[in-house]
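Remarks on the structure that follows.
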There are 2 protein chains.
Amino acid sequence: MARTCSDCGVRDSALCGTLSDEELVGLAKLGVQRRLVRGDVLVRAGDPPLACANVQAGVMKIASVTAAGDEAIVGLLYSGDFIGGPFAAPAEHDVTALTDVELCMFPRAAFEASLADHQRMERLLLERTMIELARARRWLVRIGRASARARVAGFLGDMGRRLAVVNDCRRDAAAVPAASFELPLSRSEIGDLLGLTIETVSRQLTLLRAAGVIDLPGGRMIVVRDAAALAAAADETV
Amino acid sequence: MARTCSDCGVRDSALCGTLSDEELVGLAKLGVQRRLVRGDVLVRAGDPPLACANVQAGVMKIASVTAAGDEAIVGLLYSGDFIGGPFAAPAEHDVTALTDVELCMFPRAAFEASLADHQRMERLLLERTMIELARARRWLVRIGRASARARVAGFLGDMGRRLAVVNDCRRDAAAVPAASFELPLSRSEIGDLLGLTIETVSRQLTLLRAAGVIDLPGGRMIVVRDAAALAAAADETV
DNA sequence: CGCTATCTTGACTTTATTCAAGGCTTGTGG
DNA sequence: CCACAAGCCTTGAATAAAGTCAAGATAGCG
């Protein structure tokens with residue numbers, strides 16, 4: 001049922017869903033496999049654009065350094081997500097592995113030729129980009145208006161949902177967040193993502209634990225004890 | 001030199017740049033002209049997706065209502081920008097006219113057929129979506145990490161740049177912001193856009209005036225007296 | 001001319017940051 | 001195996017920033 005592209009790991013519902021078998025084979029030939037370990041930088045701001053790459057496993061961060069010298073994370077990439085694209089101008093952000101990552105990289109020339117040949121692939125890329133835009137806008141609302149507690153709670157909810165379906169390409173679709181998971185980010189990185197300091201992140205996690213909403217068994221593990229309360233906390237204004 | 005699509009107003013460098021004359025004619029036939037006045041709502045969150053529309057003149061806001069009941073503006077649309085697209089799920093945001101607006105609307109069926117026929121049009125839409133994504137991410141950095149003063153200063157700079165080239169489709173390209181312009185947003189809307197209260201926006205504008213950076217001759221007019229200082233203020237952390 | 005909207009300003013409160021110290025892990029070398 | 005160091009995380013107290021509440025000022029508009 002769910003076909004998987006054996007060479008590049010792209011799953012049926014992600015990229016392959018709207019491509020025929022022969023197109024799949026063509027795409028697979030284009031892809032070059034690559035592995036990263038946590039901390040590896042795939043793209044650095046200002047780099048000439050890489051054509052396109054697909055995250056098959058792991059989590060990456062999209063970040064830039066602000067004028068003040070600290071890092072602002074503007075997005076996360078999970079398995080199935082794309083980096084770059086046909087027209088990307090020189091990169092505006094660093095793209096760095098948060099966990100060990102597996103990638104399928106498409107060289108520019110071959111990728112562009114493939115887009116020209118297979119209109120459905122371009123259509124798919126457009127769809128993905130629009131999804132990414134929608135995510136960025138949802139994030140914007142959270143960052144712009146929510147309290148520290150709501151940001152942290154919302155982040156935990158999102159991460160739980162994403163990690164629960166990390167091997168399922170229909171992302172954003174899981175109804176119930178994973179009961180427990182390990183954060184791929186340090187407190188400092190969570191702060192950079194949420195626009196908060198490391199101390200505030202830590203305090204809010206402690207408060208959520210005190211309220212019985214989550215448990216922090218140690219390390220970067222998160223146990224969601226009360227998903228409804230977590231969701232409610234994410235919607236609070238104050 | 002710069003061709004303009006007479007029926008829908010789309011300019012050479014915006015949409016028409018990569019389309020042939022015959023494609024242009026086809027696109028023009030698809031478009032239906034429409035006018036809005038300030039406050040008109042084109043799309044309401046939850047609406048079935050409209051196929052696609054192109055803003056020809058004026059400014060619109062993309063906004064949603066938060067759980068707390070106040071409005072969060074996640075983006076602005078200037079002339080040349082697109083609303084909707086081939087796969088848009090039911091709308092997540094309201095799209096409302098901030099000024100009087102002229103639109104070129106493409107009905108779904110015809111628009112999709114046109115995309116299928118003209119691959120370059122789809123390419124262009126992808127490009128636009130990626131630009132929009134980049135804008136959203138830049139915004140994210142500003143909202144997430146910047147002080148109230150930096151947000152307001154950055155907003156004024158952006159708006160000046162956009163309004164300076166409002167009739168030039170190569171947006172984001174102007175080197176020098178307009179020396180003076182009229183804000184298409186109320187203080188309250190600026191607050192919703194920047195994630196600040198109306199009082200804080202007002203205070204920061206007053207402070208920028210006191211510092212000789214801008215002038216506020218009345219109404220919603222903004223005069224930029226010291227563009228360099230404005231840009232510097234936008235980069236401040238504190 | 002007065003009404004209503006919007007905008008500005010002031011005093012006070014809440015929130016998150018900053019600065020500072022201490023605790024918990026993890027990994028390394030004795 | 002233990003001691004120690006380094007990094008990451010937590011907690012507390014003081015500070016700064018933006019929000020809230022409240023009162024006036026200004027500007028449009030009938």
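The sequence lines fix the lettering, A, B, ..., with proteins before strands; numbering per chain opens at 1. Worth saying up front: this structure is predicted, and the values here are computed from it rather than measured.
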Integer-rounded Å distance: [N] [atom2] and [X] [atom1]:
X	N	atom1	atom2	result
B:Leu194	D:dG19	CG	P	10 Å
A:Leu207	C:dT14	CG	P	17 Å
B:Arg220	C:dT6	CZ	P	8 Å
A:Ile143	D:dA18	CD1	C1'	17 Å
B:Gln204	D:dA17	CD	P	10 Å
A:Asp70	C:dT17	CG	C1'	12 Å
B:Arg38	C:dA5	CZ	P	15 Å
B:Leu183	C:dC7	CG	C1'	13 Å

Is the glycosidic torsion of C:dA5 within 90° of 0, making it syn, or is it anti?
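With its glycosidic angle within 90° of zero, C:dA5 counts as syn.
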Relative to the 5' end of DNA chain D, which residue comes earlier, B:Pro217 or B:Thr197, by the nucleotide with the nearest heavy atom?
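The residue mapped nearer the 5' terminus is B:Thr197.
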Quick one: does [X]'s side chain get under 4.5 Å of [Y]'s, heavy atoms only?
X	Y	result
A:Ser79	A:Gln56	no
A:Tyr78	A:Met159	yes
A:Val32	A:Phe106	no

Identify whether any heavy atom of A:Gly191 sits under 4.0 Å from a base atom; if not, whether one sits that close to sugar-phosphate; answer base, sugar-phosphate or nothing.
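The residue A:Gly191 makes no contact with any strand.
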Counting any heavy atom closer than 4.0 Å, what does B:Arg151 reach on the DNA or RNA strands: base, sugar-phosphate only, or nothing?
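It contacts nothing in the nucleic acid.
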Identify all pairs in which a protein N or O lies below 3.5 Å from an N or O of nucleotides 5-7 of chain D, and state each distance.
none

Take the C1' atoms of the five end pairs on each side of the helix from C:dT6-D:dA25 to C:dG30-D:dC1, get both axes, and report the angle to 10 degrees.
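Axis angle across the helix from C:dT6-D:dA25 to C:dG30-D:dC1, nearest 10°: 30°.
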Might you list the N or O atoms of the protein lying below 3.5 Å from N or O atoms in nucleotides 10-15 of chain D, with each pair's distance?
| from | atom 1 | to | atom 2 | distance (Å) |
| --- | --- | --- | --- | --- |
| D:dT10 | OP1 | A:Arg187 | NH2 | 3.2 |
| D:dT10 | OP2 | A:Arg187 | NE | 2.7 |
| D:dT10 | OP2 | A:Ser202 | OG | 2.8 |
| D:dT10 | O5' | A:Ser202 | OG | 3.1 |
| D:dT11 | OP2 | A:Thr206 | OG1 | 2.7 |
| D:dG12 | N7 | A:Arg203 | NH1 | 3.0 |
| D:dG12 | O6 | A:Arg203 | NH2 | 3.4 |

Do the side chains of A:Arg142 and A:Asp235 get close enough for a salt bridge, i.e. N-O under 4.0 angstrom?
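Looking at A:Arg142 and A:Asp235, the cut-off is not met.
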May I ask you to decide whether B:Arg38 forms a salt bridge with B:Glu189, counting only side-chain N to carboxylate O separations under 4.0 Å?
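Yes.
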By salt bridge (Lys or Arg N to Asp or Glu O under 4.0 Å), which residues pair with B:Glu199, not counting sequence neighbours?
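Salt bridge (Lys or Arg N to Asp or Glu O under 4.0 Å) list for B:Glu199, sorted by chain: empty.
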Salt bridge (Lys or Arg N to Asp or Glu O under 4.0 Å) with B:Arg44: which residues, sequence neighbours excluded?
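With neighbours one apart ignored, the set is empty.
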From [X] [atom1] over to [Y] [atom2], what is the distance, rounded to the nearest 0.5 angstrom?
X	Y	atom1	atom2	result
B:Leu98	B:Asp40	CG	CG	11.5 Å
B:Ile62	B:Ile73	CD1	CD1	10.0 Å
B:Arg145	A:Ile143	CZ	CD1	9.5 Å

Steps toward salt bridge (Lys or Arg N to Asp or Glu O under 4.0 Å) verdict (B:Arg138, A:Glu92):
CA-CA 9 Å; B:Arg138 250 174 272 139; A:Glu92 290 189 42; 3.2 Å; yes
Please report, to 0.1 Å, the donor-acceptor pairs under 3.5 Å made by any side chain of residues 205-225 of chain A, with sequence neighbours excluded.
| from | atom 1 | to | atom 2 | distance (Å) |
| --- | --- | --- | --- | --- |
| A:Thr206 | OG1 | A:Ser202 | O | 2.9 |
| A:Asp215 | OD2 | A:Arg225 | NH1 | 3.1 |

